[in-house]
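Only one structure is covered here, and it is reproduced in the block below.
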Amino acid sequence: YTRATDIAGNTGDMSTGMVVIGNGAQVITLEHAFPAGWNLVGVPMQPAITEPNAALGIFDTHVFQLKNGAYVYKNLDPIKPGACYWVFFSSETTVTCSGVTSSTNEVDLKEGWNLIGLPFHSPVEWNNEVMVTSFSNTYLLGTTEADALVESIFYEYNGSVEPTGYQPAIGLTDGHVIQPWDGFAIR
């Protein structure tokens, strides 16, 4: 007889024998303070809860996802490492998210514009660890293969930058260090 409880508190019982082999993921709780206004919120972990509002503990505002070329706030895809959402905070807000460390360094891109974040919780050089996956092929960002799939620039959002909020374009091979929780637009 075995009883297991996951990090979300779900309990399951099993009467047959089993072996549990860990994948090295660590249970973590991360916090990040976001300024008032619109923010691109990247997800630097695998949250225990996969519904975006609940995972991020945001219940008083909508979370918007870029899905099939349009922004939606209903029927969002389950949250995963590297996902990114538009969120409007009426005041400075600290988001707390619990889950496990990400076991991936890949962020899937679709044709057209994509909103992405780091899939893990450590800052990295943009072309150093992030990968591009297309049609089951994976390439390091900044390589010739990846450059054929995505433009050679990406955009960070900062609500205090006028008039659009987007900072000047940053080249994929500029050695820019990206931070956990930050979101980016890339095409």
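Sequence positions, counted from 1, serve as the residue numbers for this chain.
Contact detail for Thr94 and Ala33: the closest heavy-atom pair is OG1-CB, 3.9 Å. Asp77 approaches Pro52 most closely through the heavy-atom pair O-CG, 3.7 Å. Of all heavy-atom pairs spanning Cys97 and Ala55, the tightest one is SG-O, 3.3 Å. When all heavy atoms of Gln46 and Pro81 are compared, the pair lying nearest together is OE1-CD, 2.9 Å. A pairwise comparison of heavy atoms in Ala36 and Ser90 identifies CB-O, 3.9 Å as the closest pair. For the residue pair Thr104 and Phe120, the shortest heavy atom distance occurs at O-CD2, 3.7 Å.
In the displayed structure, Lys67 atom NZ is contacted under 6.0 Å by more than 12 heavy atoms of other residues, nucleotides or ligands. Other residues, nucleotides and ligands place more than 12 heavy atoms under 6.0 Å from the CG atom of Asn137.
Distance alone, capped at 3.5 Å, is enough to place a donor-acceptor pair between the Glu51 side chain and the Ala54 backbone. Of the possible donor and acceptor atoms, none in the side chain of Asp60 sits under 3.5 Å from a partner among the backbone N and O of Ile58.
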Point to revise | Full working for side chain to side chain contact (heavy atoms under 4.5 Å, CB included) between Val41 and Phe34 | key: CA-CA 9 Å; Val41 178; Phe34 289 96; 3.7 Å; yes
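The OG1 atom of Thr61 lies 11.5 Å from the CG atom of Leu56; values are rounded to the nearest 0.5 Å. The line from CG of Asn68 to NZ of Lys110 is 7.5 Å long, rounded to the nearest 0.5 Å. The distance from atom CG of Leu118 to atom CD1 of Ile178, rounded to the nearest 0.5 Å, is 3.5 Å. Put simply, CG on Leu115 and CZ on Phe64 are 12.5 Å apart, with the number rounded to the nearest 0.5 Å. Rounded to the nearest 0.5 Å, atoms CG (Asn53) and OH (Tyr73) are 11.5 Å apart. To the nearest 0.5 Å, atoms CD1 (Ile79) and CD (Gln65) are separated by 9.5 Å.
By the 4.5 Å heavy-atom criterion applied to side chains, Leu30 and Trp181 are counted as neighbours. Between Val43 and Tyr85, some side-chain heavy-atom pair lies under the 4.5 Å cut-off. The closest side-chain heavy-atom distance from Pro47 to Ser98 is not below 4.5 Å.
Hydrophobic clustering places Tyr155 together with Leu66 (ILVMFWY residues linked when any side-chain heavy atoms are closer than 4.5 Å, directly or through intermediates). Note on Leu149: it clusters hydrophobically with Phe184, by side-chain heavy-atom contacts below 4.5 Å among ILVMFWY residues.
Residue pairs meeting the side-chain hydrogen bond (donor to acceptor under 3.5 Å, both in side chains) criterion with at least one member in residues 30-40, sequence neighbours excluded: Glu31-Thr96.
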